[in-house]
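Report on the following structure.
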Amino acid sequence: MPRQITLADGRSVVVECLSCALTSGLIAPTGGVIYESSNFHVHQDVAYPIKGLVILASKRHFYCMDELTEEEQFEYISLIHKIRNEQRKRLGIDKVYYFYNEDTTHHFHLWMVPRYEWMYQFGNSVESLRPVLLHARNNMNDEENMKSVVEGIRILREGMRDYVSSSW
């Protein structure tokens, strides 16, 4: 069933599966694609304008971790490792929360949410992430922050450029 989603950059889209729309190129993610292979699509989260908040989404439509093929399993962990390394090295991100859930309306994807100093006003645990994300969506869509987010995308894309999926 199609639903309307408002993206961080203000665009409103109607889709059945946001992940399918993004990974197929139907919707361009804010700042463009960070990395893409035949199995996975890496992009900035389109709903929350937080620099370095990366989504690693499967291109194939499925929901559960145990549905990954053997090839996808190896690529998935390699990509997580490479993205995290680039977040630390190029964006100076010291801590990241990883989220994956199987009761999503979108298909298989992992959120890699950076932990910035400003986020501690919402608490110090995983429970603080929902208020952090809502704060970002509702209060950080200004031009200056969006420029920073897009710059982070560019920096991560540059770091991923030399990554070759055939390396495993």
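The basis for the numbers below is simple: all heavy atoms, side chains too, and nothing from hydrogens, waters or symmetry mates.
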Verify the cluster assignment for Trp118 and Met146: are they in a single hydrophobic cluster under the rule of side-chain heavy atoms below 4.5 Å apart?
-> no

Can you name the residues that form a salt bridge (charged side-chain N to carboxylate O under 4.0 Å, His left out) with Arg11, not counting sequence neighbours?
-> Asp9

State which residues pass side chain to side chain donor-acceptor pair (under 3.5 Å) with Glu67; sequence neighbours excluded, sorted by chain then number.
-> none

May I ask you to check whether Phe108 and Tyr100 place their ring centres under 6.0 Å from each other?
-> yes

Side chain to side chain contact (heavy atoms under 4.5 Å, CB included) involving Ile80 - partner list, sequence neighbours excluded | Leu56, Tyr76, Ile77, Tyr98, Leu110, Met112

Got His43 and Ile153 here, is their nearest side-chain heavy-atom distance under 4.5 Å?
-> no

How long is the gap from CD on Gln44 to CD1 on Ile34, to the nearest 0.5 Å?
-> 6.0 Å

Closest heavy-atom pair and its distance - Val15, Ala21 | CG1-CB, 3.8 Å

Transitively linked via ILVMFWY side-chain contacts under 4.5 Å: Trp111 with Leu91?
-> yes

Could you tell me whether the side chain of Val132 reaches within less than 4.5 Å of the side chain of Tyr97, counting heavy atoms only?
-> no

Who passes side chain to side chain contact (heavy atoms under 4.5 Å, CB included) against Glu144, sequence neighbours left out?
-> Asp142

Would you give me the side-chain donor-acceptor pairs under 3.5 Å for residues 46-55, sequence neighbours excluded?
{"unit_1": "Tyr48", "atom_1": "OH", "unit_2": "Arg130", "atom_2": "NH1", "d": "3.1"}
{"unit_1": "Tyr48", "atom_1": "OH", "unit_2": "Arg137", "atom_2": "NH2", "d": "2.8"}

Rounded distance [0.5 Å steps], CZ in Arg115 versus CG in Asn124 | 6.5 Å

Other residues, nucleotides, ligands: >12 heavy atoms within 6.0 Å of Gln121 CD | yes

Taking the side chain as C-beta and beyond, is there a heavy-atom pair between Met119 and Ser128 under 4.5 Å?
-> no

Linking I/L/V/M/F/W/Y whenever their side-chain heavy atoms sit closer than 4.5 Å, directly or via other members, would Val33 and Ile83 fall into one cluster?
-> no

Residues at least two apart in sequence or cross-chain that pass ring pair (Phe, Tyr, Trp, His ring centres under 6.0 Å) with Phe122, listed by chain then number, are His135

Nearest 0.5 Å please: distance from the CD atom of Glu71 over to the OG atom of Ser38.
-> 5.5 Å

Taking only residues two or more places apart in sequence or in another chain, which ones pass side chain to side chain contact (heavy atoms under 4.5 Å, CB included) with Ser125?
-> Glu127

Side chain to side chain, Thr30 and Val150, heavy atoms closer than 4.5 Å = yes

For Val14 against Pro2, the heavy-atom pair lying closest together | CG1-CB, 3.8 Å

With Glu158, which residues qualify under salt bridge (charged side-chain N to carboxylate O under 4.0 Å, His left out), at least two apart?
-> Arg90, Arg154

Considering only heavy atoms from C-beta outward, does the side chain of Leu68 approach that of Glu75 to under 4.5 Å?
-> no

Measure the acute angle between the ring planes of Tyr63 and His61, then classify it against the limits of 30° and 60° as parallel, tilted or perpendicular.
-> perpendicular

Beyond-backbone contact of Thr69 with Arg60, side-chain heavy atoms, under 4.5 angstrom = yes

CG of Asn39 to CD of Glu72, rounded to nearest 0.5 Å, is 5.0 Å

For Ser24, all residues meeting side chain to side chain contact (heavy atoms under 4.5 Å, CB included), sequence neighbours excluded | Leu26

With sequence neighbours left out, which residue pairs that include part of residues 29-42 fulfil the salt bridge (Lys or Arg N to Asp or Glu O under 4.0 Å) condition?
-> Glu36-Lys59

Distance in Å, Ile93 CD1 paired with Asn85 CG, rounded so as to fall on 0.5 Å steps = 12.0 Å

Beyond-backbone contact of Leu156 with Tyr35, side-chain heavy atoms, under 4.5 angstrom | no

Salt bridge (charged side-chain N to carboxylate O under 4.0 Å, His left out) partners of Lys89, counting only residues at least two apart | Glu86

May I ask you to test the Val42-Arg157 pair for a side-chain heavy-atom distance under 4.5 Å?
-> no

Would you please name every residue forming a ring pair (Phe, Tyr, Trp, His ring centres under 6.0 Å) with Tyr120, sequence neighbours left out?
-> none

